[in-house]
Amino acid sequence: MTREAKPFRIPLLLSAALAALAPVTVPHATAQEVVPPPTPNADRLAEQMRILATDPRNIPALLAAGELSARLNDPSAAAGFFRPRAGAGSR
């Protein structure tokens, strides 16, 4: 290497380092509202659960809740609604 090549190396390295440290402009991200998809079966199940909260022996509500639970891929909950309960037939 010749002595003349050294003076050019330092300014070149310095300018490369400064370029690496220069602020990078990033486009601003805008907030987007996340809206969950509609869940009509879950909404109907909630309605049946409200009915069952006031009348646990309501047979149509029990059957509907079991059917809706099965549609929502919850077979154990569906089975619980279809299972006979002690004293369900007497009022």
Side-chain angles (χ1 to χ4, degrees):
M1 256 189 233
T2 63
R3 278 191 152 332
E4 294 174 17
K6 277 188 176 180
F8 290 110
R9 190 181 315 169
I10 293 174
L12 183 63
L13 290 175
L14 184 60
S15 63
L18 288 175
L21 295 175
V24 178
T25 59
V26 177
H28 293 284
T30 57
Q32 293 180 340
E33 183 178 351
V34 177
V35 179
T39 55
N41 287 334
D43 294 339
R44 280 181 272 182
L45 177 58
E47 182 181 325
Q48 298 306 313
M49 296 302 292
R50 285 190 291 275
I51 293 169
L52 290 169
T54 59
D55 183 10
R57 296 180 188 175
N58 187 315
I59 301 299
L62 285 167
L63 293 174
E67 213 174 286
L68 291 163
S69 293
R71 287 183 193 167
L72 291 168
N73 296 322
D74 192 350
S76 61
F81 289 116
F82 293 132
R83 189 175 306 123
R85 301 183 193 295
S90 62
R91 281 205 171 204

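Values below: every heavy atom of this structure, side chains too, minus hydrogens, waters and symmetry copies.
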Looking at side-chain heavy atoms only, is the closest gap between Phe82 and Leu63 below 4.5 Å? yes
In this structure, CD of Gln48 is separated from CD of Glu67 (nearest 0.5 Å) by 10.0 Å
Does the side chain to side chain donor-acceptor pair (under 3.5 Å) test come out yes or no for Asn41 and Thr39, once each step is laid out? CA-CA 6 Å; Asn41 287 334; Thr39 55; over 6 Å; no
Taking Ile51 as the starting point, is it possible to reach Leu62 by hopping between hydrophobic residues whose side chains are less than 4.5 Å apart? no
In chain order, what residues pass the side-chain contact (heavy atoms from CB on, under 4.5 Å) check against Ala79, with sequence neighbours excluded? Arg83
Walk me through whether Arg57 and Asp55 qualify under side chain to side chain contact (heavy atoms under 4.5 Å, CB included). CA-CA 5 Å; Arg57 296 180 188 175; Asp55 183 10; 4.0 Å; yes
Would you give the length of the straight line joining atom CE of Met49 to atom OG of Ser69, rounded to the nearest 0.5 angstrom? 7.5 Å
